[in-house]
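Quick one: the structure is below, and I'll ask about it shortly.
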Amino acid sequence: MADRAAGGGGPVSAARPVRLGPRSVAALVLISAIGVVAFGWPLLADGTSVLAGRSQDAPWLLAVVLPLLVAVVVATIADCGMDAKAVAMLGVLAAVGAALRPLGAGTAGLEPMFFLMVLSGRVLGPGFGFVLGAVTMFASALLTGGVGPWMPFQMLSMGWFTMGAGLLPGPVALRGRGELLMLSAYGAVAAFAYGTVMNLQGWVTLQGMGSGISFRPGDPVHENLVRFLAYCAATSLGWDLGRAVLTVVLMMTIGSTVLKALRRATRRAAFEAQVTFEGAGGAVPEPSGVKRPTGPTSHTNDDSGTELAAGGPGTSRGDVH
């Protein structure tokens with residue numbers, strides 16, 4: 001008996017992203033909806049309750065996000081049959097991403113971690129990517145001492161960033177320079193989107209800025225959004241530009257090598273491979289729910305000299321237990 005990947009003995013199949021099942025989709029939709037509400041509710045609130053509420057919602061948001069991240073992992077395992085190898089890869093990539101973040105922190109937005117998140121999301125799929133992005137940001141905060149009320153918002157933003165790479169078209173068919181150009185374009189746009197979303201988290205709590213860029217609780221949403229865009233242009237545009245440029249440069253220089261390494265590791269891990277068993281007639285699928293009998297189904301008298309039907313040549317009643 002030997003464990004073999006589906007289609008064992010044939011050519012090696014291409015590495016495919018971890019697919020999303022119905023339970024995985026439901027968990028992702030739920031956690032994303034909670035994240036959208038957490039980021040956007042100050043725009044709809046009235047008066048000074050926004051300032052007090054924003055300072056208190058981070059612990060509650062973290063308490064909700066962490067169990068839901070576990071729920072996404074469990075749902076993916078239940079839908080796709082992922083095993084400990086997938087969890088191990090998640091841990092390795094999160095550790096590498098967390099180690100990369102401090103290399104550029106505080107230097108004009110040069111954060112190489114974003115490059116790895118784009119490629120990982122592309123290879124491993126949107127569900128795996130969302131969990132990877134959130135866990136990487138959590139580990140990075142613990143590593144660098146960056147734990148604060150902004151951390152759960154960073155986890156959600158990075159989860160969306162990485163999940164978006166997994167939702168790009170052509171995960172199996174598109175390869176080569178065309179794929180790198182697509183990932184570079186996504187990395188550049190998403191780098192600005194990440195900075196913009198994170199600005200929304202902090203902007204509503206800042207006071208004393210110019211009237212043209214300050215948040216005004218209770219004002220119409222469209223007026224506050226105009227001030228918010230002015231705030232982003234005045235404060236973080238240069239930082240986001242540095243992040244986008246570095247992501248594109250890394251993608252076009254070493255992106256192909258890293259993509260091949262990730263796909264090779266995913267192919268060898270064979271997350272969704274089904275176990276088959278090799279019998280006399282070749283590989284047969286493992287029976288589900290019904291145990292195949294191990295003894296003979298018919299026999300003759302030992303003295304007749306006739307071979308047992310199920311035992312094969314040389315088998316006698318004494319060999320059956």
Side-chain angles (χ1 to χ4, degrees), residues 16-41 53 56-98 101 113 116-143 146-168 171 190 193-194 197-198 200-201 262 265-266 269-274:
R16 294 176 179 271
V18 179
R19 61 183 177 85
L20 284 177
R23 284 169 287 197
S24 307
V25 171
L28 286 172
V29 169
L30 178 59
I31 193 173
S32 296
I34 292 174
V36 170
V37 172
F39 273 101
W41 73 264
Q56 298 173 3
D57 61 359
W60 293 104
L61 180 59
L62 182 62
V64 172
V65 167
L66 291 180
L68 285 176
L69 286 176
V70 176
V72 174
V73 175
V74 172
T76 305
I77 292 174
D79 287 335
C80 307
M82 288 169 50
D83 55 17
K85 294 178 291 185
V87 179
M89 179 170 282
L90 174 66
V92 170
L93 291 175
V96 173
R101 191 182 182 205
M113 178 184 73
L116 178 63
M117 294 297 102
V118 171
L119 296 182
S120 299
R122 173 65 171 176
V123 173
L124 295 166
F128 195 105
F130 183 89
V131 177
L132 174 62
V135 171
T136 301
M137 192 58 72
F138 182 79
S140 173
L142 297 180
L143 180 65
V147 178
W150 52 83
M151 187 179 71
F153 296 94
Q154 288 178 327
M155 292 170 61
L156 285 168
S157 299
M158 186 56 69
W160 290 330
F161 179 94
T162 313
M163 180 176 68
L167 293 173
L168 293 174
Y194 173 87
V197 170
M198 282 306 303
L200 183 59
Q201 179 270 328
L262 287 172
T266 302
F271 295 144
E272 299 184 48
Q274 296 181 355

Quiz item: Would you call Val25 and Val29 a side-chain contact if the rule is heavy atoms closer than 4.5 Å?
Solution: yes
Exercise. Might you work through the side chain to side chain contact (heavy atoms under 4.5 Å, CB included) test for Ser120 and Leu262, ending with a clear yes or no?
Key: CA-CA 7 Å; Ser120 299; Leu262 287 172; 4.1 Å; yes
Exercise. Mind running side chain to side chain contact (heavy atoms under 4.5 Å, CB included) on Phe153 and Val197 for me, showing each step along the way?
Key: CA-CA 9 Å; Phe153 296 94; Val197 170; over 6 Å; no
Exercise. Quick one: do Met155 and Leu66 satisfy side chain to side chain contact (heavy atoms under 4.5 Å, CB included)? Show the steps, please.
Key: CA-CA 10 Å; Met155 292 170 61; Leu66 291 180; 3.7 Å; yes
Quiz item: Could you state the interatomic distance from CZ (Phe130) to CG (Leu156), rounded to the nearest 0.5 Å?
Solution: 5.5 Å
Self-check item: Considering all heavy atoms, the nearest Met163-Ser32 contact
Solution: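 Here Met163 and Ser32 meet closest at CE-OG, 4.4 Å.
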Exercise. Flag the pair Leu124 / Met89 as yes when at least one side-chain heavy-atom distance between them is below 4.5 Å, and no otherwise.
Key: yes
Quiz item: Can you find a pair of side-chain heavy atoms, one from Trp160 and one from Leu28, that are under 4.5 Å apart?
Solution: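 Side chain of Trp160 against side chain of Leu28, heavy atoms only: no contact under 4.5 Å found.
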Quiz item: Side-chain contact, heavy-atom cut-off 4.5 Å: Met113 with Met137?
Solution: yes
Quiz item: CZ/Arg101 to CD/Gln154 distance, rounded to the nearest 0.5 angstrom?
Solution: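 CD of Gln154 is found 5.0 Å from CZ of Arg101.
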Quiz item: Hey, what do you get for CG (Leu93) to CG (Leu116), rounding to the nearest 0.5 Å?
Solution: 6.0 Å
Quiz prompt | Residues Ser157, Phe39; criterion side chain to side chain contact (heavy atoms under 4.5 Å, CB included); working and verdict | solution = CA-CA 10 Å; Ser157 299; Phe39 273 101; 3.4 Å; yes
Exercise. Considering non-hydrogen atoms only, spot the tightest contact between Val72 and Ala27 and give its length.
Key: CG2-CB, 3.7 Å
Quiz prompt | Min side-chain heavy-atom separation Phe161-Val118 under 4.5 Å | solution = yes
Quiz item: Between atom OG1 of Thr162 and atom CZ of Arg122, what is the distance when rounded to the nearest 0.5 Å?
Solution: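 Nearest 0.5 Å value for the OG1-CZ distance: 14.5 Å.
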Quiz item: Between Ser140 (side chain) and Thr136 (backbone), is there a donor-acceptor pair under 3.5 Å?
Solution: no
Self-check item: Contact summary for Gly97 and Met117, nearest pair of heavy atoms
Solution: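 Where Gly97 meets Met117 most closely, the heavy atoms are CA-CE, 4.4 Å.
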